[in-house]
Chemist: 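Questions regarding the structure given below will be posed in turn.
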Amino acid sequence: MSMFCYKEILFQLPHRVNEYKIEGYIEGTFYPENPEKEKTPIDGKLVTADGREFNGFMSLSCWKKIQERKDFNEDKSYYWFLYFKTKRNKEISEVQLLRPKIDKPCLVNFGGEVFKANVDYFRIRGRIKTIFKTSFSIQVECQSHYEKDLLFKPFNLKIEGTLPPSANAEEFWEVVGTRKGNVWTLLSAKMADEAKLIELKINRRDILRKLLLETTDMKAVPRYLKEKINPTLLQKTIPKPPPPKKKKKKKKKKSKPKPKLRPIQKEKDQKQNTTGKKFRLY
């Protein structure tokens with residue numbers, strides 16, 4: 001966590017109103033089965049503070065990047081950002097670990113909600129499939145459109161809790177909740193609203209500035225979060241005149257010595273000239 005930030009956004013804004021998401025945070029220690037294995041994925045167990053064990057895996061590239069960090073210890077408990085799936089009985093079946101949070105910042109949301117520390121949270125964005133009395137199922141699809149992703153069919157996640165009476169099947173909703181044992185429990189649910197999402201995107205910088213920044217250390221604030229300065233309020237300073245340029249003295253070119261010419265022959269010598277023409281001898 002950087003110097004200027006004492007809070008951290010728990011879940012980022014989606015790019016589109018109908019963007020599917022499965023995100024979660026679970027605090028625990030990851031024990032890989034074969035840590036020296038040079039083959040992806042790295043399988044293992046995620047053991048939480050309350051003694052729960054979840055089957056987990058991680059890509060080899062992520063595991064190597066994490067091990068290169070000096071502040072990472074394999075035997076220590078961290079707040080892991082991950083993806084997950086659930087069984088038909090609502091229990092968490094497996095988790096895909098992505099990265100750990102080394103520190104424990106104060107977690108907030110774009111709406112201003114503050115989340116408690118040492119609590120595992122999740123967020124799902126998808127279509128409501130089935131609504132029961134005390135639970136519901138939500139369908140999630142693969143987000144990208146590559147050929148390899150066509151093999152991943154849509155799947156359902158079961159969450160414990162009661163949706164608002166206005167919720168209907170096949171509607172796109174965003175649900176947030178916490179982990180209780182092996183089950184995810186609903187905290188809040190809202191229908192995806194495109195107008196609300198556009199408004200949050202427009203005011204994103206102002207919201208981040210209010211939620212994240214300290215007023216004591218503004219030098220470390222990134223440029224995109226700093227408040228815009230009104231140019232009319234800046235004091236205009238008269239620029240100093242540039243110093244006069246020194247004239248360079250032209251160097252005189254040395255003249256080449258003229259060739260020495262011998263004098264024209266005298267009349268006595270001319271008599272010996274049969275042609276009668278005057279000429280120079282060199």
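Everything numeric here is computed off the predicted structure, so don't read it as measured data.
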Chemist: Taking all non-hydrogen atoms of both residues, which atom of Phe136 and which atom of Gly161 are closest, and how far apart?
Modeler: CD2-O, 3.7 Å

Chemist: To the nearest 0.5 Å, what is the distance between OG1 on Thr29 and CG on Asp75?
Modeler: 8.0 Å

Chemist: If you count every heavy atom of other residues, nucleotides or ligands that lies below 6.0 Å from Lys201 atom NZ, does the total exceed 12?
Modeler: yes

Chemist: With a 4.5 Å heavy-atom cut-off, do Thr86 and Ser93 have their side chains touching?
Modeler: no

Chemist: Going through the distances and angles, do Ile26 and Tyr121 end up as a side-chain contact (heavy atoms from CB on, under 4.5 Å)?
Modeler: CA-CA 7 Å; Ile26 295 181; Tyr121 291 97; over 6 Å; no

Chemist: Would you confirm whether Lys158, through its side chain, and Arg88, through its main-chain N or O, come within 3.5 Å as a donor-acceptor pair?
Modeler: yes

Chemist: Treat each ILVMFWY residue as a node, draw an edge where side-chain heavy atoms are under 4.5 Å apart, and state whether Trp184 and Phe132 are in one component.
Modeler: no

Chemist: Salt bridge (charged side-chain N to carboxylate O under 4.0 Å, His left out): which pairs involve residues 160-173, sequence neighbours left out?
Modeler: Lys90-Glu160, Lys129-Glu170

Chemist: Does the side-chain contact (heavy atoms from CB on, under 4.5 Å) test come out yes or no for Glu27 and Ser77, once each step is laid out?
Modeler: CA-CA 7 Å; Glu27 186 175 2; Ser77 178; 3.6 Å; yes

Chemist: Under 3.5 Å, is there a donor-acceptor pair between the side chain of Arg123 and the main chain of Gln12?
Modeler: yes

Chemist: Could you tell me whether a side-chain N or O of Arg125 sits under 3.5 Å from a main-chain N or O of Glu19, the two making a donor and an acceptor?
Modeler: yes

Chemist: Hey, are Arg52 and Asp120 close enough for a salt bridge, meaning a charged N less than 4.0 Å from a carboxylate O?
Modeler: no

Chemist: CG/Leu186 to OG1/Thr134 distance, rounded to the nearest 0.5 angstrom?
Modeler: 11.5 Å

Chemist: Is a donor on one side and an acceptor on the other found under 3.5 Å between the side chain of Tyr83 and the backbone of Leu98?
Modeler: no

Chemist: May I ask whether Ile159 and Ile131 are part of the same hydrophobic cluster, defined by side-chain heavy atoms of I, L, V, M, F, W, Y residues being less than 4.5 angstrom apart, directly or through others?
Modeler: yes

Chemist: Would you name the heavy atoms of Pro100 and Tyr78 that are closest together and state the gap between them?
Modeler: CB-CB, 3.7 Å

Chemist: Can the ring centroids of Phe172 and Tyr20 be said to lie less than 6.0 angstrom from one another?
Modeler: yes

Chemist: With a 4.5 Å heavy-atom cut-off, do Leu82 and Leu46 have their side chains touching?
Modeler: yes

Chemist: Validate the cation-pi geometry between Lys85 and Phe155: distance from NZ or CZ to the six-membered ring centre under 6.0 Å, angle to the ring axis within 45°.
Modeler: yes

Chemist: When rounded to the nearest 0.5 angstrom, what is the spacing between CH2 in Trp63 and CD1 in Ile42?
Modeler: 8.0 Å

Chemist: From Thr48 OG1 over to Ile92 CD1, what is the distance, rounded to the nearest 0.5 angstrom?
Modeler: 9.0 Å

Chemist: Under 4.5 Å between side-chain heavy atoms, counting indirect links through other Ile/Leu/Val/Met/Phe/Trp/Tyr residues: same cluster for Tyr79 and Tyr31 or not?
Modeler: no

Chemist: Within this structure, what is the CD1-CG distance for the pair Ile124 and Leu157, rounded to the nearest 0.5 Å?
Modeler: 4.5 Å

Chemist: Could you give me the CA-CA distance, side-chain angles and deciding distance for Phe122 and Thr178, then say whether side-chain contact (heavy atoms from CB on, under 4.5 Å) is met?
Modeler: CA-CA 6 Å; Phe122 79 92; Thr178 60; 6.0 Å; no

Chemist: Under a 4.5 Å side-chain heavy-atom rule over Ile, Leu, Val, Met, Phe, Trp and Tyr, are Val95 and Ile66 clustered together?
Modeler: yes

Chemist: At their closest point, which heavy atom of Leu163 faces which heavy atom of Ala189, and how far apart are they?
Modeler: CD2-CB, 3.8 Å

Chemist: May I have the step-by-step check of salt bridge (charged side-chain N to carboxylate O under 4.0 Å, His left out) for Asp50 and Arg179, ending in yes or no?
Modeler: CA-CA 11 Å; Asp50 56 353; Arg179 182 183 65 86; 3.3 Å; yes

Chemist: Quick one, Phe30 with Met58, criterion side-chain contact (heavy atoms from CB on, under 4.5 Å). Give me CA distance, side-chain angles, the key distance, then yes/no.
Modeler: CA-CA 10 Å; Phe30 179 63; Met58 185 188 305; 4.2 Å; yes

Chemist: Hey, are the side chains of Asn156 and Gln139 touching, using non-hydrogen atoms and a 4.5 Å cut-off?
Modeler: yes

Chemist: Taking the six-membered ring for Trp, are the ring centroids of Phe11 and Tyr25 within less than 6.0 Å of each other?
Modeler: yes

Chemist: Compute the ring centroids of Phe84 and Phe54, then answer whether they are less than 6.0 Å apart.
Modeler: no

Chemist: Report the hydrophobic cluster partners of Val183, with the cluster defined as I, L, V, M, F, W, Y residues connected by side-chain heavy atoms closer than 4.5 angstrom, directly or transitively.
Modeler: none

Chemist: Roughly how far, to the nearest 0.5 Å, is the NZ atom of Lys190 from the OG atom of Ser166?
Modeler: 13.5 Å

Chemist: Treating Ile, Leu, Val, Met, Phe, Trp and Tyr as nodes and any side-chain heavy-atom pair under 4.5 angstrom as an edge, say whether Trp80 and Val47 lie in one connected cluster.
Modeler: no

Chemist: Is the number of heavy atoms from other residues, nucleotides or ligands under 6.0 Å of Gln67 CD greater than 12?
Modeler: yes

Chemist: How about Leu13 and Leu197: do any of their side-chain heavy atoms sit closer than 4.5 Å?
Modeler: yes

